[in-house]
Amino acid sequence: MRRISWSLSLSLLCLGCAPAQRQAPDAGPTEVVPQRLVARIVHTYPHDPTAFTQGLQFHQGQLYESTGEEGDLRRISLEQAAPLWVQPLPDVFPEGLASDGTRLYQLTWQDETLYVWNGTAPTQEKQVTYTGEGWGLCFWQGQLVRSDGTATLRFHDPKDFHVKSQVQVTLQGTPVERLNELECAEDGVYANVWHTDHVLKIDYATGRVLAVIDASELARTVRSRVRSYEAVLNGIAQEPGTGRLFFTGKLWPDLFEVKLEPAT
Ligand code: DDQ
Ligand code: CA
């Protein structure tokens with residue numbers, strides 16, 4: 001009797017630990033057709049062409065960037081390409097960056113370590129380990145949203161970074177892989193698709209792609225000034241308060257304020 005109640009309580013406990021898989025939307029004629037949008041350049045700002053941009057994030061009124069390869073966390077500005085403040089992270093490959101208003105959370109690609117930063121300097125508060133790859137990160141309604149190069153978005157508890165739920169991202173019923181840098185907006189999460197000129201807007205609850213944004217005008221603008229094959233669109237930040245939207249890319253010399261217009 002005791003054994004039965006133990007296994008029962010264990011299985012009940014495990015219901016609590018497994019991330020909930022949200023309902024995948026059905027494919028077929030009823031599937032929502034995404035909006036087609038174009039990112040038009042409103043303003044062009046300087047961006048450090050040696051920055052391997054992996055995350056772009058407003059935090060306490062300032063713009064921060066996470067850079068990969070031999071990376072860092074840096075505070076940047078719209079006035080100059082050179083960063084205003086840099087904290088080198090030579091032992092890991094930094095990735096997505098998110099803010100909850102108080103803390104900055106920074107992923108690493110394959111180092112399975114999340115860096116948590118606090119304060120206006122900011123200083124490292126702790127490191128949290130996790131399983132799998134880290135690509136993009138953003139903060140929405142008390143949770144950290146992570147991409148890992150697959151079509152799955154995972155929703156983490158910021159306290160210990162455990163996965164609370166996950167959703168598969170689909171475009172008219174088909175999973176979309178290589179989701180990279182993220183930006184949590186009120187009505188959906190923006191995501192770069194790695195090595196494309198497209199940013200998607202995704203519904204948090206269903207994973208459905210609500211809009212496909214063509215950002216190829218930006219890539220065309222920097223094309224003659226970048227050399228690396230890896231110099232791809234990556235970096236999305238929305239300014240709290242104004243709603244201004246900024247896109248950049250890895251090793252791009254420009255950071256763009258964009259407006260989204262319906263494709264013609
Ligand atoms: N990711 O950002 C898509 C997650 C990874 C990009 C890795 C690009 C390869 C760069 C080569 C670096 C060599 C240390
Ligand atoms: Ca971002």
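As the structure lists them, so they are numbered: ligands from 1, and atoms in each ligand from 1. For reference, positions follow the sequence shown, starting with 1.
Listed here is the closest heavy atom pair of Q106 and S66: NE2-OG, 2.9 Å.
With sequence neighbours left out, the ring pair (Phe, Tyr, Trp, His ring centres under 6.0 Å) criterion links Y64 to H59.
When hydrogens are left out, the protein atom nearest atom 10 (C) of ligand 1 is F52 CZ, 4.0 Å; that is the closest non-hydrogen contact. E230 OE1, 3.8 Å is the protein heavy atom nearest to atom 8 (C) of ligand 1.
Counting atoms of ligand 1 from 1 in the listed order, those under 4.0 Å from a heavy atom of E95 are 1 (N), 2 (O), 4 (C), 5 (C). Heavy-atom contacts of W135 reach the following atoms of ligand 1: 3 (C), 4 (C) (cutoff under 4.0 Å). Applying the 4.0 Å criterion to heavy atoms of Q54 picks out, from ligand 1, the atoms 2 (O).
Placement of V199 and V222 within a single hydrophobic cluster is found when ILVMFWY residues are connected by side-chain heavy-atom separations under 4.5 Å, directly or transitively.
For the pair K201 and D187, the salt-bridge criterion is met [side-chain N within less than 4.0 Å of a carboxylate O].
Comparing E133, E69, E181 against atom 11 (C) of ligand 1, the shortest heavy-atom distance belongs to E69.
Classification of the W85-W117 ring pair by plane angle, with boundaries at 30° and 60°, yields perpendicular.
Residues T67 and D72 bring a donor and an acceptor atom of their side chains to less than 3.5 Å of each other. A donor and an acceptor atom, one from each side chain of H195 and R178, are nowhere located under 3.5 Å apart. No side-chain donor from either of D111 and T113 sits under 3.5 Å from a side-chain acceptor of the other.
For R178, the closest heavy-atom approach to ligand 1 does not fall below 4.0 Å.
Counting heavy atoms closer than 4.0 Å to ligand 1, residue K250 contributes side-chain atoms (C-beta onward) but none from N, CA, C or O.
At least one side-chain heavy atom of C184 sits less than 4.5 Å from a side-chain heavy atom of Y204.
Between L97 and the choices L104, L107, T53, the side chain to side chain contact (heavy atoms under 4.5 Å, CB included) rule is met once, by L104.
Excluding waters, the set of protein N, O or S atoms lying under 3.0 Å from the Ca ion (ligand 2) comprises L56 O, E181 OE2, L182 O, E183 OE1, I236 O.
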